Amino acid sequence: MINKKLEVSAIKDGTVIDHIPADHLFMVINILKLNEIDNTITFGTNFESKKLGRKAIIKLSDVFFKEKDINRIALFAPQAKLNIIKDYKVVEKKTVELPDEIFGIIRCVNPKCITNHEKIKTHFKVIDKQARMLLCHFCEKVTDPEKVDAL
């Protein structure tokens, strides 16, 4: 009998990011700038999930994030869970929390905003963490993260 189960290998040390909505996988990759690191990265998407319907997962060998960096993914993956792996065992589990302010990772939806015309780092204040509503510091346009592009 042929074993048709697809398996992803375990990592010795590193971080596993689980419960990413399947349609936001590449936003999370962009926000964390994973295309700029040389470590081994494994990702998969469209896995069945009771909570999300379809989810994605990212495994990063020998990568450990600072809390402020990983919390930025809460914009697109508020239910994401992090498992910190040491010697093939989960030693810590973390959840992400949306920070009070977001700098330089998403574009303002207002086409007239100065950040879309000049080299100014975007800056948003989180005005509603549950609804993930953001207020642009420069043009004061309220932005829904579901409608923005990552920088």
Side-chain angles (χ1 to χ4, degrees), residues 4-110 113-126 129-138 143-151:
K4 293 185 177 182
K5 186 175 180 180
L6 185 62
E7 295 183 25
V8 178
S9 63
I11 56 174
K12 182 178 181 214
D13 298 301
T15 304
V16 175
I17 307 171
D18 196 4
H19 299 288
I20 301 167
D23 56 342
H24 291 157
L25 171 65
F26 293 102
M27 288 289 239
V28 171
I29 288 172
N30 286 339
I31 286 172
L32 296 176
K33 300 190 182 314
L34 299 182
N35 60 326
E36 297 176 7
I37 64 173
D38 294 329
N39 302 59
T40 302
I41 301 171
T42 307
F43 62 87
T45 189
N46 293 325
F47 295 108
E48 287 183 28
S49 168
K50 289 180 182 172
K51 287 183 183 175
L52 303 172
R54 295 177 306 124
K55 72 175 185 176
I57 187 169
I58 302 172
K59 291 184 171 190
L60 302 133
S61 291
D62 299 313
V63 175
F64 302 95
F65 294 98
K66 293 178 183 169
E67 199 150 323
K68 68 178 178 105
D69 295 330
I70 202 69
N71 280 340
R72 295 183 305 174
I73 71 171
L75 267 177
F76 301 102
Q79 297 177 334
K81 307 274 190 256
L82 275 72
N83 293 320
I84 310 303
I85 311 293
K86 300 251 172 121
D87 202 23
Y88 297 103
K89 293 180 182 167
V90 176
V91 295
E92 187 177 356
K93 293 184 176 224
K94 296 181 177 181
T95 57
V96 295
E97 182 180 330
L98 196 58
D100 295 331
E101 295 180 291
I102 306 285
F103 295 93
I105 61 170
I106 57 171
R107 193 177 309 277
C108 182
V109 294
N110 178 3
C113 181
I114 192 168
T115 59
N116 287 319
H117 299 287
E118 297 190 22
K119 290 192 173 202
I120 296 174
K121 190 176 192 178
T122 61
H123 175 193
F124 295 91
K125 292 179 182 169
V126 178
K129 287 190 178 190
Q130 284 290 5
R132 294 180 295 143
M133 300 302 288
L134 310 173
L135 178 70
C136 178
H137 173 76
F138 297 100
T143 299
D144 178 351
E146 296 294 327
K147 298 176 182 167
V148 299
D149 293 324
L151 292 173

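Just the heavy atoms: all of them, side chains too, but no hydrogens, waters or symmetry mates, feed the values below. Quick caveat: nothing in here was measured; it's all calculated off a predicted structure.
Heavy atoms only, all atoms of each residue included: Glu101 and Val126 are closest at N-CG2, 4.3 Å. Among all heavy-atom pairs drawn from Thr122 and Ile106, the shortest one is OG1-O, 2.9 Å. Ile17 approaches Ala80 most closely through the heavy-atom pair CG2-CB, 4.3 Å. Minimum heavy-atom separation, Ala74 to Val96: CB-CG2, 3.8 Å. The shortest non-hydrogen separation linking Ala56 to Thr45 is CB-OG1, 3.7 Å. Of all heavy-atom pairs spanning Phe138 and Cys113, the tightest one is CB-SG, 4.2 Å.
Remark: Arg132 engages Glu146 in a side chain to side chain donor-acceptor pair (under 3.5 Å) (not counting sequence neighbours). Under the side chain to side chain donor-acceptor pair (under 3.5 Å) criterion, Asn46 pairs with Arg54, sequence neighbours left out. Among residues two or more places apart in sequence or in another chain, the salt bridge (charged side-chain N to carboxylate O under 4.0 Å, His left out) test is passed with Glu92 by none. Annotation: side-chain contact (heavy atoms from CB on, under 4.5 Å) contacts of Glu48 (sequence neighbours excluded): none. Every salt bridge (charged side-chain N to carboxylate O under 4.0 Å, His left out) that Lys129 has, sequence neighbours left out, goes to Glu97, Asp100. Looking at residues two or more places apart in sequence or on another chain, you find no side chain to side chain donor-acceptor pair (under 3.5 Å) involving Asn83. Looking at residues two or more places apart in sequence or on another chain, you find no side chain to side chain donor-acceptor pair (under 3.5 Å) involving Lys125. Qualifying ring-ring contact (aromatic ring centres under 6.0 Å, His included) partners for His19, counting only residues two or more places apart in sequence or in other chains: none. Residues satisfying the ring-ring contact (aromatic ring centres under 6.0 Å, His included) test with Phe103, not counting sequence neighbours, are His123.
Within the model, atoms CZ of Phe124 and OG1 of Thr143 stand 5.0 Å from one another, a figure rounded to the nearest 0.5 Å. The NE2 atom of His117 lies 9.5 Å from the SG atom of Cys108; values are rounded to the nearest 0.5 Å. Rounding to the nearest 0.5 angstrom, the gap separating the OG1 atom in Thr15 from the CD1 atom in Ile58 is 10.5 Å. Taking CG of Leu98 as the start and CG of Asn71 as the end, the distance is 8.0 Å to the nearest 0.5 Å.
Pairs engaging residues 50-91 under the ring-ring contact (aromatic ring centres under 6.0 Å, His included) rule: His24-Phe76 [sequence neighbours left out]. Here salt bridge (charged side-chain N to carboxylate O under 4.0 Å, His left out) pairs that include residues 63-78, with residues two or more places apart or in two chains, number zero.
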Give every donor-acceptor pair under 3.5 Å between a side-chain atom in residues 27-41 and any protein atom, sequence neighbours left out.
| residue | atom | partner | partner atom | Å |
| --- | --- | --- | --- | --- |
| Asn30 | ND2 | Phe26 | O | 3.3 |
| Asn39 | ND2 | Ser61 | O | 3.0 |
| Asn39 | ND2 | Asp62 | O | 3.4 |

Worked verdict on Ile105 versus Leu75 for side chain to side chain contact (heavy atoms under 4.5 Å, CB included) | CA-CA 10 Å; Ile105 61 170; Leu75 267 177; 3.9 Å; yes

List the steps, then state whether side chain to side chain contact (heavy atoms under 4.5 Å, CB included) holds for Gln79 with Leu52.
-> CA-CA 9 Å; Gln79 297 177 334; Leu52 303 172; 2.7 Å; yes

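Under the 4.5 Å side-chain criterion, counting only non-hydrogen atoms from C-beta, Leu82 is not in contact with Lys93. You'll find the side chain of Ile85 reaches within 4.5 Å of the side chain of Val90, heavy atoms only. Here the side chains of Arg107 and Thr115 are not in contact, with every heavy-atom distance at 4.5 Å or above. Ile11 is not listed as a side-chain neighbour of Thr42, based on a closest heavy-atom distance of 4.5 Å or more.
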